[in-house]
Protein chains: 2
Amino acid sequence: MNVTMKDIAKIAGVSVNTVSRALNDKPEINEDTKRRIKQIASELNYTPNSIAASLASRKSKTIGLIIPDICDPFFAQQARGVEDTAEKEGYSVILLNTDEISEAELDAVETLRSIRVAGMLLTSVFSRTDHIENLKKQKVPLVLLNRRCQEIDTDYVINNNEKGAYKATKHLIKLGHKRIGVILGPQRITSVQDRYAGYMKAMDEAGIEKSAEYVVCGENFKPDTGELLAEQLLQNNLRPTAILAYCDSLAMGAYAAARKRGLSIPEDLALVGYDDIPYAKYFEIPLTTIAQPAYKMGEVACKIILEKIKSGGGRNRVKSEPQHIVFEPQLIIRRSCGARS
Amino acid sequence: MNVTMKDIAKIAGVSVNTVSRALNDKPEINEDTKRRIKQIASELNYTPNSIAASLASRKSKTIGLIIPDICDPFFAQQARGVEDTAEKEGYSVILLNTDEISEAELDAVETLRSIRVAGMLLTSVFSRTDHIENLKKQKVPLVLLNRRCQEIDTDYVINNNEKGAYKATKHLIKLGHKRIGVILGPQRITSVQDRYAGYMKAMDEAGIEKSAEYVVCGENFKPDTGELLAEQLLQNNLRPTAILAYCDSLAMGAYAAARKRGLSIPEDLALVGYDDIPYAKYFEIPLTTIAQPAYKMGEVACKIILEKIKSGGGRNRVKSEPQHIVFEPQLIIRRSCGARS
DNA sequence: CTGTTAGCGCCTTCAT
DNA sequence: ATGAAGGCGCTAACAG
């Protein structure tokens with residue numbers, strides 16, 4: 001079996017406790033014995049058992065990251081931001097995908113609770129919020145990513161979705177579009193609501209009449225879904241001259257839908273996405289989009305969770321107000337919207 | 001603190017052991033007491049402590065996945081294949097990125113050893129192999145992904161890299177190209193070697209003279225690296241008329257390099273990638289590439305590791321021969337190579 | 001079927 | 001600076 005501290009202790013002729021102190025670089029220990037113990041440990045090819053350490057100390061060195069789908073480059077970048085940050089502090093991250101399915105999210109939270117992760121980062125679909133309520137009650141450090149929670153006040157890291165969608169819509173309006181379709185996702189998601197609100201605000205400000213037929217919602221954010229929804233928009237008698245997609249993945253589907261109908265972008269149809277995934281600028285017609293700093297957002301969210309963990313997970317320390325970090329969205333103009341740069 | 005089996009036992013008036021049996025659906029237990037115990041557990045909002053369970057049973061329900069970079073869609077898809085499969089069996093996966101840096105890989109393995117993961121899936125850079133040797137000695141279930149190991153016989157799941165590159169190169173040759181540049185990665189990586197071998201084989205068979213100036217290698221597979229390497233190829237006095245990129249991410253960089261030089265694809269420069277990431281077909285000029293079944297590969301690798309884990313990690317069971325799964329690569333012809341379909 | 005006895009490998013007091 | 005004792009929450013033999 002594996003080498004344990006006990007084995008090392010026996011060889012070194014000291015107690016297990018001393019070995020523990022040496023290997024964990026605790027102050028109360030003689031430098032010489034420490035060196036000697038470390039030497040023996042390395043000779044024996046000792047690997048600490050963090051399972052045992054976790055159990056004994058009731059502290060774990062892993063954090064959980066729940067996202068819709070790692071295959072979406074936006075979430076992949078965010079995940080890297082989280083992992084790089086966690087790793088620097090000696091934490092590992094467990095990744096769980098939900099595909100925007102509420103059940104999967106509940107399961108994921110349960111799994112992470114069971115593993116006793118030190119903290120959780122959650123991009124929630126918010127079909128329910130009782131699990132979030134529970135986490136709060138149980139004092140599990142939690143930071144919401146990308147989406148706020150209406151009902152419960154928690155820390156979150158998002159970008160200003162309303163503003164982003166507002167900027168995008170306004171840009172299209174400036175280019176002369178009036179019939180602007182919008183492709184959204186599940187309506188309970190706050191980022192969907194917020195982007196929709198931004199769209200509406202821009203339309204209202206411009207005094208453009210809105211039509212319910214120009215608003216479509218899907219169950220997830222995959223390209224295939226985007227294609228279906230775009231087709232739906234394009235079937236209108238008076239078809240929209242521009243489409244704002246909730247995210248670049250959905251926008252990708254819109255390219256396909258346009259091609260099928262023989263519509264060329266941007267001449268027949270202007271298109272704007274959201275996220276600025278790294279591929280957006282390599283598309284057939286480079287995609288105009290709203291950039292949000294995915295990696296940075298993951299990094300910041302992870303830093304906050306790490307802080308919360310260190311401050312005793314709120315268990316001991318005075319609980320400070322939840323942090324709300326909001327990044328500024330940025331309009332990236334490329335060819336798909338038809339603007340000349 | 002958290003509810004434990006002890007708490008439940010006290011309330012139910014039974015021993016901790018009985019609670020354990022009930023909650024884990026062991027056979028030797030009365031159906032009624034089981035129901036009663038489960039009832040109490042649910043009322044108390046009990047969440048099992050898998051840390052403690054792992055320590056006691058010396059079995060963990062997490063597996064480790066080490067890959068170069070989750071931001072590469074190929075690896076993202078593979079990761080999903082792994083995670084979906086693991087989840088079905090009640091396993092969680094810890095994801096670690098190496099960026100093809102050997103140190104990072106060693107650290108990752110150490111971390112996973114320390115967490116006592118049930119098994120590891122590894123896409124290695126193979127700058128060293130002692131860590132793999134160690135894992136084998138320690139009977140840690142291990143499956144290599146994407147890349148074989150020359151020195152040590154282990155299970156692996158790959159695609160036929162030589163054949164894939166051979167197909168791609170031959171395709172370019174058929175289209176009339178003779179000056180074919182190739183963009184590779186770190187040379188110790190077997191998939192790099194294999195794809196290079198496939199390229200060479202096709203060139204040799206066609207009797208085309210090879211030039212060292214047409215072969216460039218980078219330190220990783222990121223688009224930026226691809227751009228630099230493509231520029232290098234295009235600086236040759238007799239610049240290549242076609243480029244074969246080790247992967248689609250590198251090919252993406254080549255698009256940028258070509259644009260910078262005012263070369264149009266495929267007229268001035270034919271381009272072929274590898275992987276068929278989901279974005280390849282949406283590129284400015286859709287990318288001809290070699291497809292490998294990323295998700296499936298992750299799935300299969302995960303299934304193998306799960307089997308190995310169940311068969312006692314090789315600790316108890318008769319050790320069977322390592323499995324070598326090789327998927328067939330598939331040529332996907334799009335516009336970037338200049339072929340008419 | 002159920003309870004008892006022992007740990008798993010480590011950390012955490014408290015002594016010394 | 002070091003050791004001894006106790007326990008983290010659970011599983012794993014054994015007894016009954």
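Being a predicted model, the structure only gives us computed values, none of them experimental. In what follows, chains carry the letters A, B, and so on, assigned in the order in which the sequence lines appear, proteins first and then strands, with residues in each chain numbered from 1.
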Please list, by residue number, the residues of residues 52-62 of chain A whose heavy atoms come closer than 4.0 Å to an atom of DNA chain D; answer none if no residue qualifies.
A:Leu55, A:Ala56, A:Arg58
Does a side-chain N-to-carboxylate-O contact under 4.0 Å join [X] and [Y]?
X        : Y        : answer
B:Glu307 : B:Lys303 : no
A:Arg188 : A:Glu151 : no
A:Glu89  : A:Lys61  : no

Per the under-4.0 Å heavy-atom filter, residues of residues 22-48 of chain A near DNA chain C come out as A:Asn24, A:Lys26, A:Tyr46
Does any donor atom in the side chain of B:Ser92 or B:Glu87 lie under 3.5 Å from an acceptor atom in the other side chain?
no
No-hydrogen, no-angle side-chain donor-acceptor test under 3.5 Å, A:Asp7 and A:Tyr46:
no
Toward the 5' end of DNA chain C, by each residue's nearest nucleotide, B:Asn17 or A:Ile51
B:Asn17
At their closest point, which heavy atom of A:Ser102 faces which heavy atom of A:Ser127, and how far apart are they?
OG-CB, 3.3 Å
Closest approach of A:Ala52 and B:Leu55, non-hydrogen atoms and distance?
CB-CD1, 3.8 Å
Quick one: label A:Thr4 by what it contacts on the DNA or RNA (base, sugar-phosphate, nothing), any heavy atom closer than 4.0 Å.
sugar-phosphate
Within the structure shown, what part of the strands sits under 4.0 Å from A:Val16 by heavy-atom distance: base, sugar-phosphate, or nothing?
nothing
Donor-acceptor list for residues 109-117 of chain B side chains, cut-off 3.5 Å, not counting sequence neighbours:
unit_1, atom_1, unit_2, atom_2, d
B:Thr111, OG1, B:Asp107, O, 2.9
B:Arg113, NH2, A:Asn2, OD1, 3.0
B:Ser114, OG, A:Pro48, O, 3.4
B:Ser114, OG, A:Ser50, OG, 3.4
B:Arg116, NH1, A:Pro48, O, 3.3
B:Arg116, NH1, B:Arg113, O, 2.7
B:Arg116, NH2, A:Thr47, O, 2.9

Terminal contacting nucleotides, 5' and 3', DNA chain C versus chain B (heavy atom, 4.0 Å)
C:dC1 to C:dG9
All stems that DNA chain C takes part in, i.e. 3 or more consecutive Watson-Crick or G-U pairs with distances under 3.5 Å, are C:1-4 with D:13-16, C:6-16 with D:1-11
Residues at least two apart in sequence or cross-chain that pass ring-ring contact (aromatic ring centres under 6.0 Å, His included) with A:Phe75, listed by chain then number, are none
In chain order, what residues pass the ring-ring contact (aromatic ring centres under 6.0 Å, His included) check against B:Phe74, with sequence neighbours excluded?
none
When you list every nucleotide of DNA chain D with an atom under 4.0 Å from a heavy atom of chain B, which one comes first 5' to 3', and which comes last?
D:dG9 to D:dA13
Listed by chain and number, what are the side chain to side chain donor-acceptor pair (under 3.5 Å) partners of B:Asn146, not counting sequence neighbours?
B:Gln78, B:Thr123
According to side chain to side chain donor-acceptor pair (under 3.5 Å), who are the partners of A:Asp99, at least two apart in sequence or on a separate chain?
A:Lys222, B:Arg80
Tell me whether A:Lys34 at atom NZ has more than 12 heavy atoms from other residues, nucleotides or ligands lying less than 6.0 Å away.
yes
Could I get the full list of side-chain contact (heavy atoms from CB on, under 4.5 Å) partners for B:Thr18, not counting sequence neighbours?
B:Val14, B:Ser15, B:Arg21, B:Ile29, B:Ile37
By the salt bridge (charged side-chain N to carboxylate O under 4.0 Å, His left out) test, which pairs, at least two apart or in different chains, include something from residues 35-60 of chain A?
A:Asp25-A:Lys38, A:Asp32-A:Arg35
